[in-house]
Amino acid sequence: MAKKAKSARPKARLPKGLRDVGADEFRAVEGMVGAIGRVSEKYGFEPLETPAFEYSDALGKFLPDADRPNAGVFSLEDDDGQWMSLRYDLTAPLARYVAANYDALTKPFRRYQTGVVWRNEKPGPGRYREFRQFDADTVGTASVAADAELCMLASEALETIGIDTGNYIIRVNNRKLLDAVLQQAGIDPQDEAEQIKRLTVLRAIDKLERLGPQAVELLLGPGRKDASGDVTKGAGLEAKQIDLIMGFVGAGSDGRTKTLAALAPLVEQNEAGREGLQELAQMDELLSAAGFDATRVVIDPAIVRGLDYYTGPVFEAELTFESVGEDGADRQFGSVGGGGRYDGLVERFKGVKVPATGYSFGLSRLYAALSELGRADVGSLVGPVIVLVMDRDHIGTYQRFAMDLRQAGLRSEMYLGESGMRAQMKYADKRGAPCVVIQGEEERSRGEVTIKDLVEGTRLSGEIEDNTEWREGGRAQIAVPEAKLVEAVREVLARQQT
RNA sequence: GCCGCUGUAGCUCAGUUGGUUAGAGCGCUAGAUUGUGGAUCUAGAGGUCCCUGGUUCGAUUCCAGGCAGCGGUACCA
């Protein structure tokens, strides 16, 4: 009977790819969101919030990825039979918002947004099916000054949350250059039949950093078999085409001007190439004028950003420091954000081209990075002062003590459990309480309260070997008149700060 | 989707060449200490040994199939 009842109970399990976020991470991420938001406001962006789900057609679930439309999105049916989907990024809702309010918006429209997004994909290490993103976008201008500003914003945002210059790099490229190279290689970006080949090439280039040049060459040519024995189909290019592409993606160097000079002869034969070069040169000029040199923002011809809809500059933020994982192996964080220019996204609602550009960060990855850097403790808080319940007949008095401390701006709570004093002390210890407030029979008769400093107590216990000795001896506690409770607690806290 | 590895206590894992009562460390609860946490000692609670079927007198152990988790890879707005 009991066994049957047990097996009939639901398992307290979390759907795969989802997770709970505890106090420290929650506070840390809130802190990051606030900091990045303030930087965005400083740059002139306005906040916007949109719903978690939208009608599926409005999200463009049939649009952006020509390969696999509609897959990977969580969807549900409204009671009138209309399909809705959870948002998979913050850009599609922005496009819907801009299209719906087009005439009322002051253009260029500049918005930042933070929110949770969902993707129905296989989760992996550090990849979840629900995660928080931060986005900043400028809609309604074709000027690459908007793109340059996003790079500056990204750079400043990362530094604001504690990732210093040198620990990250923003890489910039231009899809027009990639198109130019593809044209040089004889792959026409306008030709429908060549689209698949084009995407395969772009995906291959995107893997350069992770898999290395040999693997990319295989992917551009006949295909590649990875260590697990899985075969990836290649683009089927000829050696000459592959050489051309590999020559292009390998042409980056340490200075922006130098990189541009190296790229120029490879792409300037055609229109798209000249445009792309010119745009990057202008971004370089603006970035330099604003004080963002190549230690923060570089030009890297190997940056692709898988998305089909990017039309101009693309960028990616990468953390460059290495850390040692739990298994002892070196671990790299890689990309924590990216974006680019997408001049076609609003068009599907309005029929008119609306140039736009945007950047987004993955906040969970940023948090993981901060933890590794030891900077995530921005989230930890000192625990509450615990008022012990010594005598239930006087519970009102204990509640008042807690309230007095709260009114003085201190975290405090009266013990709400039902256990005895010993258990209450353990509770206070586990909550990270800086001190506890005790008033039993003795103190009450004298109109006093005892304040026990738990931090000091821990220190003393390190010095005293014998158990009975430290119990009897200095208990790191003081008795003060009730009226001096708040003052005395403040003093204890102040002493702990030093 | 494809390939590989792994499923034993809340967690990390040992173990059973197929045999009666399945273990450790950590954690948890309590006592030693009738009003004092964290050290120490002691005790206690906690298990469908992933599921289903097969072989067997007997399966947590062997076999098959499932499922789940992890890792890689593909895809990734």
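We name chains A, B, ... by the order of the sequence lines, and we start the count at 1 in each one. Just the heavy atoms: all of them, side chains too, but no hydrogens, waters or symmetry mates, feed the values below.
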Using both distances under 3.5 Å as the test, list the Watson-Crick or G-U wobble partner of [N], or none.
N: B:A59; value: none
N: B:A22; value: none
N: B:G47; value: none
N: B:G27; value: none
N: B:U73; value: B:G1
N: B:U16; value: none
N: B:U34; value: none
N: B:U6; value: B:A68

Can you say whether a donor on the side chain of A:Arg127 sits under 3.5 Å from an acceptor on the base of B:C76, or the other way round?
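Present.
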So does [X] pair up with [Y], basic N to acidic O under 4.0 Å?
X: A:Arg446; Y: A:Glu448; answer: yes
X: A:Arg459; Y: A:Glu456; answer: yes
X: A:Arg127; Y: A:Glu121; answer: yes
X: A:Asp179; Y: A:Arg198; answer: yes
X: A:Lys353; Y: A:Asp343; answer: no
X: A:Arg110; Y: A:Glu149; answer: yes

[X] near the nucleic acid: base, sugar-phosphate alone, or nothing, with a heavy-atom cut-off under 4.0 Å?
X: A:Lys207; answer: sugar-phosphate
X: A:Gln424; answer: nothing
X: A:Ile438; answer: base
X: A:Glu443; answer: base

Just N and O in the side chain of [X]: are any of them under 4.0 Å from OP1 or OP2 of [N]?
X: A:Arg210; N: B:A74; result: yes
X: A:Lys122; N: B:G69; result: no
X: A:Arg422; N: B:G37; result: yes

Using whole Å, report how far [atom1] of [X] lies from [atom2] of [N].
X: A:Glu442; N: B:U36; atom1: CD; atom2: C1'; result: 12 Å
X: A:Asp429; N: B:C28; atom1: CG; atom2: P; result: 10 Å
X: A:Met421; N: B:U34; atom1: CE; atom2: C1'; result: 12 Å
X: A:Met425; N: B:G37; atom1: CE; atom2: C1'; result: 4 Å
X: A:Asp206; N: B:U73; atom1: CG; atom2: P; result: 14 Å
X: A:Leu18; N: B:G69; atom1: CG; atom2: P; result: 11 Å
X: A:Arg459; N: B:A39; atom1: CZ; atom2: C1'; result: 16 Å
X: A:Arg444; N: B:G35; atom1: CZ; atom2: P; result: 15 Å

Would you call the rings of A:Phe315 and A:Tyr359 parallel, tilted or perpendicular if under 30° counts as parallel and over 60° as perpendicular?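 If you compare the ring of A:Phe315 with that of A:Tyr359, the planes turn out parallel.
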I'd like the [atom1] distance from [M] over to [N], given in whole Å.
N: B:U6; M: B:G47; atom1: P; value: 27 Å
N: B:C49; M: B:U60; atom1: C1'; value: 4 Å
N: B:G7; M: B:U12; atom1: C1'; value: 14 Å
N: B:C70; M: B:C11; atom1: P; value: 14 Å
N: B:G35; M: B:A30; atom1: P; value: 13 Å
N: B:G15; M: B:G31; atom1: C1'; value: 32 Å
N: B:C50; M: B:C13; atom1: P; value: 15 Å
N: B:U21; M: B:A59; atom1: P; value: 14 Å

Assign each of A:Arg305 and A:Pro15 the nucleotide of RNA chain B bearing its closest heavy atom; nearer the 5' end lies the nucleotide of A:Pro15
Nearest-nucleotide check on RNA chain B, A:Lys430 vs A:Leu454; residue mapping nearer the 5' end is A:Lys430
Between the side chain of A:Gln133 and the main-chain N/O of A:Val117, is any donor-acceptor distance below 3.5 Å?
->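 Absent.
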Of the candidates B:U36, B:A74, B:U29, the side chain of A:Thr232 sits closest to B:A74
Output the single nucleotide from B:A74, B:C76, B:A32 whose closest atom is nearest the side chain of A:Leu211.
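Output: B:A74.
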